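To start, the structure under review is shown below, and the notes come after it.
Computed from heavy atoms alone, side chains included, the values below leave out hydrogens, waters and symmetry copies. Predicted model only: the values in this text are computed from it and were never measured. Residue numbering restarts at 1 for every chain, and letters A, B, ... go by the order of the sequence lines.
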Amino acid sequence: MTNREVCEIFHEIAEILEILGENPFKSRAYRNAARVLENAGFDVQDLVREGRLEDVPGIGSALAAKIRELVTTGRLAYYEDLKQKAPRDVLEMLKIPGVGAKTVQVFLNHNITSLQELEAAARDQRLRELPGIGKKTEEEILRGLAAMQERQKRWLLSVASMAVKEIGGYLAGLDKAARVEVAGSYRRGRETVGDLDFVVASDDAPAVIARFVDAPWVREVVAEGDLKATVITVWGIQADLYVVAPPLFASTLHHFTGSKEHNVALRERARQHGWKISEYGIVKEEETLTPATEEEFFQLIGLSYIPPEMREDRGEIRAAERGELPRLVETGDIEGDLHVHSRASDGANTLEELAEAAMARGYRYLAVTDHSRSLAFTNGLTEERLKEQREEIDRLNREFRNFRLLAGIEVDILSDGRLDFDDRVLSQLDVVVASVHSGFRQDQETLNRRIEAALKNEHVDIIGHPTGRLISRRDPYALDVGRVLELAADTGTALEINANPDRLDLSDAYVRQGRDLGVRFAIDTDAHHVNSLDDMQYGVLTARRGWAQKQDVINTLPLDELEKWLKRHGR
DNA sequence: GCCGTTTTCGGCCCGACTGTTTTCAGTCG
């Protein structure tokens with residue numbers, strides 16, 4: 001029983017309790033405990049073994065007993081009972097927009113106990129007979145049922161980014177908009193976002209709202225009020241707009257940047273001091289303070305500035321109280337990219353084009369790391385072709401000033417754990433990235449052996465996309481990542497934060513875990529085209545979400561220090 | 001169900017929008 005499995009069960013229990021009309025604070029307690037476990041750096045099984053469950057804030061005697069039962073028997077009688085009362089199909093009803101626990105209660109009281117029955121009742125116009133439900137709600141439910149698949153979708157950061165540029169540009173162009181900022185999970189740099197939130201400062205809210213719902217990229221207006229509006233865009237992604245008077249901009253921006261958990265924790269803390277926090281500012285002793293900036297906002301409540309990427313209630317508030325927040329790595333710290341492909345394997349560009357693009361981005365170096373021979377479908381390089389490429393790189397480097405192409409390889413970690421080139425070949429290269437591209441379905445033991453062999457090879461500098469996941473398309477390999485992190489800290493091998501928005505691998509949570517162990521990272525784009533060099537921003541966001549600092553990331557090093565690191569790195 | 005410089009009992013984050021109501025509950029972020 002993993003942390004994640006316990007969390008899922010707790011979340012489900014919380015939903016069932018709400019539908020059953022139990023004490024709302026009880027379901028909150030389950031949710032809260034689930035969230036603590038999700039973000040925890042520990043394994044519940046260890047805590048159970050060590051009898052330390054109750055030391056975890058949010059877990060008292062009752063929840064501890066339930067976790068113990070789950071971990072030791074794999075089942076939970078209480079949960080089995082609850083499931084009888086509200087089967088999964090009923091919980092699905094909560095996913096319909098506008099339908100919450102109270103509405104589901106009404107359905108259950110009128111013998112509507114499945115999505116099918118719900119749809120039938122709506123079609124027969126029987127729903128509108130129920131208390132608190134009218135014609136509009138009935139229609140909304142029918143629409144919601146039809147769009148359920150689509151609406152649950154989350155969007156990759158790269159897709160959201162395109163929409164943000166368009167919408168942000170449009171809003172910024174409005175006369176009445178004094179300030180425009182994107183908020184929400186996009187601003188926090190989450191790997192996927194469910195919708196987009198914009199905050200605009202204006203003295204004329206109605207005018208801004210009117211232009212927003214009337215924009216050319218609006219497909220459907222979901223809600224329209226005096227201060228906020230919600231639309232579905234032509235790209236399918238939902239966009240929310242909040243318009244406030246200029247003095248309230250910073251408070252509102254903070255509020256809608258979230259996360260929800262961060263906000264709740266912050267308000268809870270404020271309440272303990274006798275203050276009150278809302279999007280309208282901070283109330284201290286009857287006086288409402290409206291900070292001009294987010295920096296001032298945090299200052300007013302006795303905290304140092306918490307960057308958006310850290311606002312997840314994962315310990316950032318306590319760190320800010322103590323002035324112990326890390327100084328997160330920034331895009332401007334990046335001196336070069338250590339994993340890109342050229343035309344020699346499956347990339348699109350020549351070495352010159354790659355070098356030029358790197359220099360245009362202010363980089364001091366770029367490692368060309370084409371695939372190795374065994375990846376035939378990528379036109380992987382043989383030893384001979386690798387040698388030719390090295391010669392061309394040497395020739396080009398003689399012409400560059402303040403820039404260096406590094407000769408590298410993305411060497412395949414073969415199914416049996418050997419590398420695709422022997423040590424003699426690898427030792428002649430500047431940078432060696434080792435990655436798994438086959439045998440994804442092997443068992444955990446085998447996969448760990450393969451990666452561990454690569455980590456222990458003294459010529460390997462970086463493990464590429466360490467867990468192999470593709471966001472919302474392919475799960476990670478069955479890897480014990482904890483063990484990989486520990487070994488990487490030991491051997492001094494860097495782990496990649498692959499910046500490709502489909503990968504973001506390592507993920508933010510693993511970065512955080514690795515950082516605490518002293519792992520070094522390389523933020524690489526794995527670009528197959530010069531345009532993808534710009535993906536670096538997503539990798540940096542992920543690193544920041546994992547609390548990584550400049551010194552945790554090897555490609556922030558100036559060239560001479562990087563070369564020293566590549567030669568030694570801790571061995 | 002948790003928790004305690006206000007508490008071992010009585011609290012537990014805050015406000016806008018919508019629809020169904022005639023003053024508010026439910027939902028959402």
Side-chain angles (χ1 to χ4, degrees), chain A residues 10 13-14 16-19 21-36 53-67 78 82 93-107 127-141 144 151 183-186 188 193-199 205 209 221-230 238-244 248 251-283 288 301 313:
Chain A
F10 275 18
I13 290 176
I16 298 174
L17 291 175
E18 277 176 353
I19 288 173
E22 286 267 357
N23 179 355
F25 296 104
K26 192 161 159 182
S27 55
R28 185 186 294 180
Y30 278 93
R31 283 225 171 76
N32 181 47
R35 195 174 51 73
V36 170
L53 269 178
E54 270 137 307
D55 296 348
V56 180
I59 296 179
S61 57
L63 288 181
K66 292 196 169 67
I67 295 173
Y78 177 64
L82 286 177
M93 294 179 183
L94 291 173
K95 292 182 180 161
I96 303 168
V99 174
K102 293 289 166 61
T103 311
V104 174
Q105 265 182 54
V106 174
F107 296 157
L127 277 190
R128 60 182 72 178
E129 311 294 331
L130 303 183
I133 297 172
K135 184 162 173 284
K136 287 211 167 179
T137 306
E138 186 180 82
E139 290 166 358
E140 175 74 17
I141 286 172
R151 218 170 292 252
S185 51
Y186 182 84
R188 300 199 312 279
V193 300
D195 63 13
L196 300 173
D197 299 285
F198 290 88
V199 179
I209 299 265
V221 180
V222 178
E224 182 181 357
D226 294 338
L227 303 171
K228 52 201 253 188
T230 297
Q238 175 179 310
D240 295 346
L241 172 70
Y242 307 90
V243 188
V244 294
L248 300 180
S251 309
T252 306
L253 178 61
H254 174 269
H255 176 81
F256 287 111
T257 296
S259 66
K260 190 176 157 123
E261 289 77 16
H262 167 88
N263 286 355
V264 167
L266 218 54
R267 286 199 284 261
E268 174 71 25
R269 180 177 166 280
R271 205 182 47 80
Q272 285 166 10
H273 285 87
W275 313 330
K276 202 175 76 171
I277 295 178
S278 77
E279 58 263 52
Y280 296 105
I282 302 157
V283 180
T288 301
I301 52 177
D313 192 24

Please classify the nucleic acid contact of [X] as base, sugar-phosphate, or nothing, using heavy-atom distances under 4.0 Å.
X         : result
Ile96(A)  : sugar-phosphate
Pro24(A)  : nothing
Thr230(A) : nothing
Ala101(A) : sugar-phosphate
Asn23(A)  : base

Quantified in whole Å, what is the [atom1] atom distance between nucleotide [N] and nucleotide [M]?
N       : M       : atom1 : value
dA16(B) : dT22(B) : P     : 23 Å
dT5(B)  : dG19(B) : C1'   : 45 Å
dG4(B)  : dC13(B) : P     : 14 Å
dT8(B)  : dG1(B)  : C1'   : 15 Å
dC2(B)  : dT6(B)  : P     : 23 Å
dC17(B) : dC12(B) : P     : 25 Å
dG10(B) : dG15(B) : P     : 26 Å
dT23(B) : dT18(B) : C1'   : 15 Å

Hey, which sits more toward the 5' end of DNA chain B by its nearest nucleotide, Glu54(A) or Ala223(A)?
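Of the two residues, Glu54(A) wins.
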
Starting at the 5' end of DNA chain B and moving along, which residue's nearest nucleotide shows up first, Glu268(A) or Leu227(A)?
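Going by which nucleotide is closer to the 5' end, it is Glu268(A).
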
Among Lys26(A), Lys102(A), Arg31(A), exactly one meets salt bridge (charged side-chain N to carboxylate O under 4.0 Å, His left out) together with Glu18(A). Which residue is that?
Arg31(A)

In terms of ring plane angle, is the pair Tyr30(A) and Tyr78(A) parallel, tilted or perpendicular, where the classes change at 30° and 60°?
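Rings of Tyr30(A) and Tyr78(A): parallel, under 30°.
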
Shoot me the first and last contacting nucleotide of DNA chain B against chain A, ordered 5' to 3', at under 4.0 angstrom to non-hydrogen atoms.
dG1(B) to dG29(B)

Between Thr137(A) and Arg128(A), is a side chain to side chain contact (heavy atoms under 4.5 Å, CB included) present by the stated rule, with each step listed?
CA-CA 8 Å; Thr137(A) 306; Arg128(A) 60 182 72 178; over 6 Å; no

For Gln238(A) and Asp240(A), does a side-chain donor sit closer than 3.5 Å to a side-chain acceptor?
yes

